[in-house]
Amino acid sequence: MLDIKILRNDPDRIRTALKNRNNDLDITPAIELDLKRRALLADAEQKKAKQNEITKQIPAMKKAGENTDAIFAEMRELSDEIKEDDTKINEIDEELRNFMLRIPNIPNDEVPVGKDDTENVEIRKYSTPRQFDFEPKAHWDIGADLDILDFDRGAKIAGSRFTVYKGLGARLERAVIQFFLNTHTEESGYTEIFPPYMVNRASMTGTGQLPKFEEDAFKVANNGYFLIPTAEVPVTNLHRDEILDGSKLPIKYCAYSACFRAEAGSAGRDTRGLIRQHQFNKVELVKFADPEKSYEELEKLTNDAEKLLQKLGIAYRVVCLSTGDLGFSSAKTYDIEVWMPSYNRYVEISSCSNFEDYQARRANIRFKRDVKDKAQYVHTLNGSGLAVGRTVAAILENYQNADGTVTVPEVLRPYMNTDVIGKK
RNA sequence: GGAGAUGUAUCGAAGUGGUCAUAACGAGCACGAUUGGAAAUCGUGUUGUCCUUAACCGGGCACGUGGGUUCAAAUCCCACCAUCUCCGCCA
């Protein structure tokens, strides 16, 4: 959520941001609601002040034996008026809040202005795509041929966009998770969290998934909870409604979780393989940072995620998302894209964002530099480190051999207990 | 799932319809006094948020959350949430 003061004092800044995002939302109604709200509020508060003052005198009047009938009648009327005002204010409040929750974050000045993902800017590249001296297969074919991925049975027992991992496939998925978490905790200083996979509405609102993107989430029928679309939701909300100790910043968490996405609106896209599933595994990195250092922390976080692909020895590139492709809550995002031979292009495997105080304001996460200081909002950041299913897909494709087997990347061998995934 | 209890500031805790939410009392914390220095002791200070204002001042709201009753609610009523204890069920 944006600071309402920006709406009051510098609405054009929001208008520009919306325009750069290709968002045609008109904020005029919000400005009017805010004005109306403040006028009503001033009126109601004046009435309440009067009510409080007279109420204070009543015990003395009663003690003195004075007749209070007239004053009670007058007060009843005042009380009714106040209730009426309060009802109106509450309605406007909710309407305004709802509106504010649907205004996306303002992109950072450094973010390239662009209409969509074609105008993202490549920042750097690691290694070069592997050149094959045979016709490489797509990971879904490799997985099926090696009997380690079972898409048909995934569809049978659940539905489309669900996959069963089997044998060394299941083990590879688990190895990747282990490798990621161990690297983050042992080398990069993150504290591991294992969060709930279901969260309440307040948590989903805190990180920005609600109210605008409710149709993208799975909702649990009998308790109204949501299946998490990413560990970002429970982990960022760990500190919802808290005031953090400034000397402890940055707080760095990593978390493995399954992630659940309805993938509404992406029917027909990436229907084959592991790229777009209703349930997938991901290791997420989350930081709570001092506003003055958050962009420094974004670079570090992105590097922490990149390190995994370097260790795995797979080509990737980092792009800075343009305003037209930037996520709703984010002020700046780097995507890490891994080389995927079947797509013959780079495919997103991580998205590293600085949300500045946008999520912190929604989730009310603050900090004090010193005990005497006033609490201020932290900056929240997160990034995938990395998407596990897509990593497995990238490994299968980039490490495949002419005979149909797949070489296990060096760093995963301790977890896999084999050098090669071969036919049985 | 059943029964009971609890929810007040940083923590413990008092307050059961108005004169104690500028929230008693105790602790913590900050500053000061005392001291060679510390402990102990003494003193002073210490909630958040919203509206208004250049600022000061002023005002509103908040006793788990949301409603209701009342001229007036921490206090009475209803619903919900969380925690604890016991019972049942369960990996």
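In what follows, chains are A, B, ... by sequence order, proteins preceding strands, each numbered from 1.
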[N] versus [M] - spacing of their [atom1] atoms, nearest Å:
| N | M | atom1 | result |
| --- | --- | --- | --- |
| B/rU85 | B/rA91 | C1' | 23 Å |
| B/rC20 | B/rC77 | P | 25 Å |
| B/rG28 | B/rG12 | C1' | 10 Å |
| B/rA54 | B/rU46 | P | 27 Å |
| B/rA13 | B/rC90 | P | 37 Å |
| B/rA55 | B/rC71 | P | 40 Å |
| B/rG67 | B/rC57 | P | 32 Å |
| B/rC29 | B/rA40 | P | 10 Å |

Expressed in angstrom and rounded to an integer, what is the separation of [X] atom [atom1] from [N] atom [atom2]?
| X | N | atom1 | atom2 | result |
| --- | --- | --- | --- | --- |
| A/Asp241 | B/rA62 | CG | C1' | 14 Å |
| A/Glu53 | B/rG58 | CD | P | 14 Å |
| A/Gln51 | B/rC61 | CD | C1' | 13 Å |
| A/Lys5 | B/rU49 | NZ | C1' | 11 Å |
| A/Arg76 | B/rU70 | CZ | C1' | 9 Å |
| A/Arg366 | B/rG48 | CZ | P | 9 Å |
| A/Lys83 | B/rA73 | NZ | C1' | 12 Å |
| A/Glu45 | B/rG60 | CD | C1' | 4 Å |

With both distances under 3.5 Å as the test, what is the Watson-Crick or G-U wobble partner of [N]?
| N | value |
| --- | --- |
| B/rC25 | B/rG12 |
| B/rC90 | none |
| B/rC80 | B/rG64 |
| B/rA3 | B/rU85 |
| B/rG32 | B/rC42 |
| B/rA72 | none |

>> Categorize A/Ile58 for me: base, sugar-phosphate, or nothing, with a 4.0 angstrom heavy-atom threshold over every strand shown.
In response: base

>> Classify A/Arg8 by what it touches in the nucleic acid, base, sugar-phosphate, or nothing, heavy-atom distance under 4.0 Å.
In response: sugar-phosphate

Any Lys/Arg nitrogen of [X] or [Y] sitting under 4.0 Å from an Asp/Glu carboxylate oxygen of the other?
| X | Y | result |
| --- | --- | --- |
| A/Glu214 | A/Arg201 | yes |
| A/Arg369 | A/Glu292 | yes |
| A/Glu119 | A/Lys115 | yes |
| A/Arg76 | A/Asp80 | no |
| A/Glu263 | A/Arg161 | no |
| A/Asp216 | A/Arg261 | no |

Under 4.0 Å between a side-chain N/O of [X] and OP1 or OP2 of [N], yes or no?
| X | N | answer |
| --- | --- | --- |
| A/Asn52 | B/rG60 | yes |
| A/Arg38 | B/rG60 | no |
| A/Arg201 | B/rC80 | no |
| A/Ser79 | B/rA72 | yes |

Of the candidate nucleotides [options], which contains the atom at the shortest distance from the side chain of [X]?
| X | options | value |
| --- | --- | --- |
| A/Arg37 | B/rG67, B/rC50, B/rA72 | B/rC50 |
| A/Tyr225 | B/rG59, B/rA82, B/rG67 | B/rA82 |
| A/Lys48 | B/rC50, B/rG48, B/rC61 | B/rC61 |
| A/Lys374 | B/rC71, B/rU49, B/rU52 | B/rU49 |

> After noting the C-alpha distance and the side-chain angles of A/His239 and A/Phe288, does the key distance pass the ring-ring contact (aromatic ring centres under 6.0 Å, His included) rule?
Replying inline: CA-CA 9 Å; A/His239 295 302; A/Phe288 301 84; 5.0 Å; yes

> Would you say the base of B/rG18 and the side-chain of A/Lys62 have a donor-acceptor pair closer than 3.5 Å?
Replying inline: yes

>> Using the rule ring pair (Phe, Tyr, Trp, His ring centres under 6.0 Å), only one of A/Tyr190, A/Phe179, A/Tyr256 pairs with A/His184; which is it?
In response: A/Tyr190

>> Taking the nucleotide of RNA chain B with the nearest heavy atom to each, does A/Pro59 or A/Lys368 sit closer to the 5' end?
In response: A/Pro59

